[in-house]
Student: 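Structure in structure tokens, see below.
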Amino acid sequence: RSLDTAEELRKAEQRLRAAESGIQNESAAIRRINEKLEPLQKIVQNEETLREKNAAAERELTAAEYLYLKALEKDAQKAESDMQKTAENARAILNEFSQERENIRKTSGAYFLAQNLEEGKPCPVCGSLHHPHPAESEKQTLGLEEKIRTQQTLCEQAERSLRKAQDDKKELQGRIVQSRENLARFADDFIAACEKEAEHIDTECATERQKNARHEREKQAASYAEFEDARLAVRRYEADLQAPQERLRGLEKAKAASEEAFEQTERRFADLLSRIRSDIPQNGQTAEDSGQTAQDVQNILSFLRDERERT
């Protein structure tokens, strides 16, 4: 019977060891997952801050783009005004040249009639079909014609530039309307502040502000993308934790049951040893055999206790 009890004690001890080994393995697996999970959880915990920064960056970019377009509108209005003046000046100069030519025409009608003469067709003055000596232009008249042609070219160029400036301003104003609608998403006081700032901002400042706003928006977008990735990873790791945590709970229950079984068997073994000792005869071979049995039981019990303490 002592050997049967010793065998039970060994099996209980083996089951306990197996449960403890399993607990160590599952705990290590959980620890490895948590090492990856914890830094991601810190990122996810900052969700509210990230949302606020992202919204602020979006608001600033919307304002910066509106201010940039308003600054461009000022430049476009100035460009249109300058082109208008240029076109008007070019037209005025052309009119002066044309008037000068008209004055010369009144005083030098023969020259202008000669310009339209064709061989074989009658002269409007004398009726001759041949024109061997048509009236020739004075140098001043020739120079004036060249000026008029040059000035006509300048007028056409100025008017094309004016039309382009007007088209550019119209296209820009359409973009401003859209930008203003985007701005309408925000609070009235914020919109009012943007409108007031738009009255004074220049293109250089607006360009720099838009550049900085875009940079910050890209930065916050990248941070938020990192947050989204972290949130997905957290969900994945939390799902990965479920299986080892479930196994760990089962192993801890098994360990508790094994410890209880081991302790019960150990108590029975100790009781058996006590009974053997109390039943040992005082002398003779039987006493010697019983004493040896008691010693064997004691050795087994001591061995198993030592093994238990080492683990």
Side-chain angles (χ1 to χ4, degrees), residues 64-183 194-211 213-214:
E65 288 179 341
Y66 177 73
L67 292 172
Y68 174 71
L69 292 175
K70 292 294 286 184
L72 289 183
E73 184 183 34
K74 293 179 186 178
D75 294 345
Q77 289 172 340
K78 184 177 185 305
E80 181 186 19
S81 177
D82 292 344
M83 289 297 101
Q84 183 72 43
K85 291 177 181 178
T86 300
E88 289 174 354
N89 291 337
R91 181 59 62 183
I93 293 172
L94 179 60
N95 290 338
E96 289 176 4
F97 289 158
S98 297
Q99 185 62 48
E100 185 178 353
R101 182 177 64 179
E102 184 64 24
N103 293 338
I104 293 173
R105 179 179 292 179
K106 291 178 181 179
T107 58
S108 306
Y111 164 69
F112 289 100
L113 289 173
Q115 284 186 314
N116 297 318
L117 291 177
E118 295 184 21
E119 188 66 23
K121 292 184 178 181
C123 173
V125 177
C126 65
S128 174
L129 299 177
H130 303 287
H131 319 289
H133 303 291
E136 296 180 358
S137 172
E138 298 179 359
K139 291 182 180 180
Q140 181 182 5
T141 304
L142 290 174
L144 182 59
E145 290 296 332
E146 181 64 27
K147 287 180 180 180
I148 289 174
R149 285 193 293 272
T150 300
Q151 193 61 30
Q152 283 177 332
T153 300
L154 292 176
C155 280
E156 292 171 358
Q157 291 175 346
E159 288 170 356
R160 283 197 298 271
S161 296
L162 175 60
R163 287 193 296 272
K164 184 178 185 306
Q166 291 170 336
D167 291 342
D168 289 347
K169 189 182 81 169
K170 184 177 180 181
E171 187 270 338
L172 181 60
Q173 287 174 335
R175 292 169 60 192
I176 290 173
V177 170
Q178 181 61 52
S179 181
R180 183 64 176 74
E181 291 176 358
N182 293 336
L183 197 64
C194 289
E195 295 287 8
K196 186 174 182 179
E197 188 173 1
E199 297 174 2
H200 309 288
I201 196 167
D202 57 42
T203 306
E204 183 179 358
C205 292
T207 300
E208 184 66 19
R209 181 166 176 175
Q210 184 189 52
K211 177 183 175 182
R214 285 179 175 174

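Positions are given from 1, in the same order as the sequence printed here. The analysis underlying the following values was restricted to heavy atoms, covering all of them including side chains, and did not include hydrogens, waters or symmetry mates.
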Student: Between the side chains of E88 and K85, is the shortest nitrogen-to-carboxylate-oxygen separation below 4.0 Å, so that they form an ion pair?
Tutor: no
Student: Do any N or O atoms from the side chain of E73 and from the backbone of K169 form a donor-acceptor pair under 3.5 angstrom?
Tutor: no
Student: Between the main-chain N or O of Q77 and the side-chain N or O of S81, is there a donor-acceptor pair closer than 3.5 Å?
Tutor: no
Student: Any salt bridge linking R180 with E195? Criterion: basic side-chain nitrogen under 4.0 Å from a carboxylate oxygen.
Tutor: yes
Student: Any chance you could measure K74, atom NZ, to T203, atom OG1, to the nearest 0.5 Å?
Tutor: 8.0 Å
Student: Calculate, to the nearest 0.5 Å, the distance between atoms CG and CD1 belonging to N95 and I148 respectively.
Tutor: 10.5 Å
Student: Hey, could you give me the OG/CG distance between S179 and L67, rounded to the nearest 0.5 Å?
Tutor: 8.5 Å
Student: Indicate whether the side chain of E80 and that of Q84 have a donor and an acceptor atom separated by less than 3.5 Å.
Tutor: no
Student: Quick one: does C194's side chain get under 4.5 Å of L183's, heavy atoms only?
Tutor: yes
Student: Is any side-chain heavy atom of R163 less than 4.5 Å from a side-chain heavy atom of M83?
Tutor: no
Student: Would you give the length of the straight line joining atom CG of D75 to atom NZ of K78, rounded to the nearest 0.5 angstrom?
Tutor: 8.5 Å
Student: Walk me through it: do K147 and T150 pass the test side-chain contact (heavy atoms from CB on, under 4.5 Å)?
Tutor: CA-CA 5 Å; K147 287 180 180 180; T150 300; 5.7 Å; no
Student: Can you tell me which residue among Q152, E145, Q151, E146 is in a side chain to side chain donor-acceptor pair (under 3.5 Å) with R149?
Tutor: E146
Student: E197 vs K70, test: salt bridge (Lys or Arg N to Asp or Glu O under 4.0 Å). Steps then yes/no.
Tutor: CA-CA 10 Å; E197 188 173 1; K70 292 294 286 184; over 6 Å; no
Student: What's the verdict on side-chain contact (heavy atoms from CB on, under 4.5 Å) for E204 and E208, showing C-alpha distance, side-chain angles and the deciding distance?
Tutor: CA-CA 6 Å; E204 183 179 358; E208 184 66 19; over 6 Å; no
Student: In Å, rounded to the nearest 0.5 Å, how long is the span from SG of C155 to CD of E159?
Tutor: 6.0 Å
Student: Mark yes or no for whether S98, through its side chain, and L94, through its backbone, hold a donor-acceptor pair below 3.5 Å.
Tutor: yes
Student: L162 and A87: which non-hydrogen atoms are nearest, and at how many Å?
Tutor: CD2-CB, 4.4 Å
